[in-house]
Amino acid sequence: MQKLQPVRGTHDLLPETARRHLHVIESGRGLAERFGYQPIDTPIFEFTDVFQRTLGETSDVVTKEMYRFTDKGGDDVTLRPEGTAGVVRAVLSNGLLQDAPLKFFYAGPMFRYERPQKGRLRQFHQIGVELIGVARPEGDVEVIALGAEILKTLGVGGQVTLHLNTLGDAESRAAYRKALVAYLDGRKGELSPDSLTRLALNPMRILDSKDAGDKQVVADAPRIGDFLTPAAAAFFASVRSGLESLDLTYTVDDRLVRGLDYYCHTAFEFVTDALGAQGTVLAGGRYDGLVETMGGPPTAGVGWAAGIERLAMLLAAPPSAPRPVAVIPVGDAEEALAFGLAHRLRLEGIAVDIGFGGSMKARMKRAGRVNARVAVLLGETERARGVATVRDMDTGQQSEVPLDALARHLAVFR
RNA sequence: GUGGCUAUAGCUCAGUUGGUUAGAGCACCAGAUUGUGGAUCUGGGGGUCGAGGGUUCAAGUCCCUCUAGCCACCCCA
């Protein structure tokens, strides 16, 4: 029989890790709401078409990374590889565009059939935001500012730098692409095999190739900045000055491109060098064509997604677990009394741990292990006198407290 | 999908050119302390050595296949 193990690339989130994840999610959601972003949850699977249409037929995500299957009813469905497509679909399904601009925050699992690696899993988790219906550059600035604030709150701001680029509008992009292909064609002989296929499929991707030879070729390549239409250039300038006015520092990175087809104008990434090759921690951009691609009216949009696993790894220390009160019956005769008392304390809002069975010594040991603040001991003598012995687990000091005063006495630990 | 490295107790790891009952530290359980955790001491439980096949008198150790992990490419959060 095969060893019991989770599916490749999936992971159990044991309590310490789970707490890190929750901390990331709750920090994100709290700040997002402060910025006016509402929580939204969409299904973790959709009709395959939702992703296929929006991500583009040729993207890697669609061609080789989708968890796609036919369900018992014959529907072609796919586990979501990213969050934006589902949110946009929900906006259209529910006719929400009449309330635009829309601001949403989401968190949840995503699925991509990839080879696992550090910071890369088949089931991973993201938080993300979408701002739909805002064509102005202030939208980009708000969304980036929210991301930066979340990273700062999580204490990872110092390990991360913001990279920024523009992909221009359709016109800019077409002109640039033409010039880029012409240039690269002339230096075909120097490109890596990977980049030769990119040249045919997605030439912009050559810009961020890690191959040394490619990098040399790219160094002299034409730059998108020289091909921007006046409108696209003005848009990018506004985003930059907006960031500067909020004291958000960034570096412009010519070679920052996007794998997904629906991006235009602003592209940005918060990157760290603390995570090996998967240094991107939060990334996004503007996707003005997406809603239309899905069958809605022309609608602007900007957003980002951040990898919870990657952020959780960067957290210096996991948020500490709450310290409970341990209720400990000394013998079987006090078991019922202790259980009832524990319940009443919980109803008063006090965190209570109660072990089930075992000697008093074993229960004290457990109290130590769960880092209890105090132990409430109930034995024969206490029962006879209607009191409990309260032991401070840090100092070892003990005192007797009448049972009916216990909740009040322990209220400081709420 | 491609390449490299790896897999021995819950965790981190020893295991000598193949040699007989596979070890340590930490963790866990119990006792020393018949109503008291964290320190110390003593004892105990826990391994089909990732799975399957092969070579051999003999395999944790050598060979093959598979699975999984790690690292990088591809790509991405």
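Just so it is clear, the values below take in all heavy atoms, side chains as well, and ignore hydrogens, waters and symmetry mates. Residue numbers begin at 1 in each chain, while the letters A, B, ... track the order of the sequences. Fair warning: this is a prediction, and the values are worked out from it, not measured in the lab.
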Distances under 3.5 Å between protein N/O atoms and the N/O atoms of nucleotides 11-13 of chain B, please, pair by pair.
none

Can [X] and [Y] be counted as an ion pair, charged N to O under 4.0 angstrom?
X: A:E400; Y: A:R385; result: yes
X: A:R89; Y: A:E46; result: yes
X: A:R223; Y: A:D226; result: no
X: A:R383; Y: A:E380; result: no
X: A:D404; Y: A:R344; result: no

I'd like the [atom1] distance from [M] over to [N], given in whole Å.
N: B:rG45; M: B:rG50; atom1: C1'; answer: 23 Å
N: B:rC49; M: B:rU36; atom1: C1'; answer: 41 Å
N: B:rA14; M: B:rU6; atom1: P; answer: 12 Å
N: B:rU61; M: B:rG19; atom1: C1'; answer: 11 Å
N: B:rA72; M: B:rG15; atom1: P; answer: 27 Å
N: B:rG69; M: B:rU8; atom1: P; answer: 14 Å
N: B:rG47; M: B:rU42; atom1: C1'; answer: 24 Å
N: B:rU48; M: B:rG23; atom1: P; answer: 15 Å

### Query
Between the side chains of A:T389 and A:E382, does any donor sit under 3.5 Å from an acceptor?
yes

Students often get this wrong, so: under 4.0 angstrom with heavy atoms, is [X] touching a base, only sugar-phosphate, or nothing?
X: A:D208; value: nothing
X: A:G396; value: base
X: A:R383; value: nothing
X: A:A367; value: nothing
X: A:G9; value: sugar-phosphate

### Query
Between residues 113-125 of chain A and RNA chain B, which residues have a heavy-atom gap below 4.0 Å?
A:E114, A:R115, A:Q117, A:K118, A:G119, A:R120, A:L121, A:F124

### Task
Check step by step if salt bridge (Lys or Arg N to Asp or Glu O under 4.0 Å) holds for A:E190 and A:R187.
CA-CA 6 Å; A:E190 301 164 60; A:R187 297 185 63 171; 2.8 Å; yes

Starting from [atom2] on [N], measure out to [atom1] on [X] and report it in whole angstrom.
X: A:R112; N: B:rC74; atom1: CZ; atom2: P; value: 16 Å
X: A:M204; N: B:rC74; atom1: CE; atom2: C1'; value: 19 Å
X: A:Q5; N: B:rG69; atom1: CD; atom2: P; value: 7 Å
X: A:R8; N: B:rG50; atom1: CZ; atom2: C1'; value: 14 Å
X: A:R255; N: B:rC75; atom1: CZ; atom2: C1'; value: 19 Å
X: A:L275; N: B:rA72; atom1: CG; atom2: C1'; value: 15 Å
X: A:D12; N: B:rG10; atom1: CG; atom2: P; value: 16 Å
X: A:I25; N: B:rA77; atom1: CD1; atom2: C1'; value: 14 Å

### Message
Assess the residue pair A:R408 and A:E348 against the criterion (salt bridge (Lys or Arg N to Asp or Glu O under 4.0 Å)); give the C-alpha distance rounded to whole Å, side-chain angles, the decisive distance to 0.1 Å, and a yes or no.
### Response
CA-CA 9 Å; A:R408 195 151 33 84; A:E348 292 292 329; over 6 Å; no

### Query
What would the secondary structure line of RNA chain B be in dot-bracket form, counting Watson-Crick and G-U wobble pairs under 3.5 Å, with [ ] for pairs that cross earlier ones and | for pairs with another strand?
(((((((..((((.....[...)))).(((((.......))))).....(((((..]....))))))))))))....

### Message
Before we go on, tell me: are the rings of A:Y37 and A:F105 under 6.0 Å apart, centre to centre?
### Response
no

### Task
Name the residue closer to the 5' end of RNA chain B, choosing between A:E65 and A:R366 according to the nucleotide with the nearest heavy atom.
A:R366

### Of A:Q38, A:E142, A:E130, the residue whose pairing with A:K103 passes side chain to side chain donor-acceptor pair (under 3.5 Å)
A:E142

## Note on the structure
Result for side-chain contact (heavy atoms from CB on, under 4.5 Å) between A:P81 and one of A:Y67, A:F51, A:Y113 points to A:F51

Please report, to 0.1 Å, the donor-acceptor pairs under 3.5 Å made by any side chain of residues 270-279 of chain A, with sequence neighbours excluded.
from   : atom 1 : to     : atom 2 : distance (Å)
A:T272 : OG1    : A:Q159 : O      : 3.0
A:T272 : OG1    : A:A274 : N      : 3.0
A:Q278 : NE2    : A:K118 : O      : 2.9

### Query
Once you round to the nearest 0.5 Å, how far does CG of A:L96 lie from CG of A:L102?
6.0 Å

### Protein proximity profile, nucleotides 25-36 of chain B - base contact B, sugar-phosphate-only contact S, no contact -, cut-off 4.0 Å on heavy atoms
---SSS----BB

### Query
A:S192 and A:D211: side chain to side chain donor-acceptor pair (under 3.5 Å), yes or no, with the steps?
CA-CA 7 Å; A:S192 67; A:D211 181 85; 4.5 Å; no

### Task
Report the relative orientation of the aromatic rings in A:Y263 and A:Y287; use parallel for angles under 30°, tilted for 30 to 60°, perpendicular for over 60°.
perpendicular

### Message
Taking salt bridge (charged side-chain N to carboxylate O under 4.0 Å, His left out) as the cut-off, I'd like each qualifying pair that reaches into residues 355-372 of chain A, sequence neighbours left out, listed once.
### Response
A:E335-A:R363, A:D353-A:R366

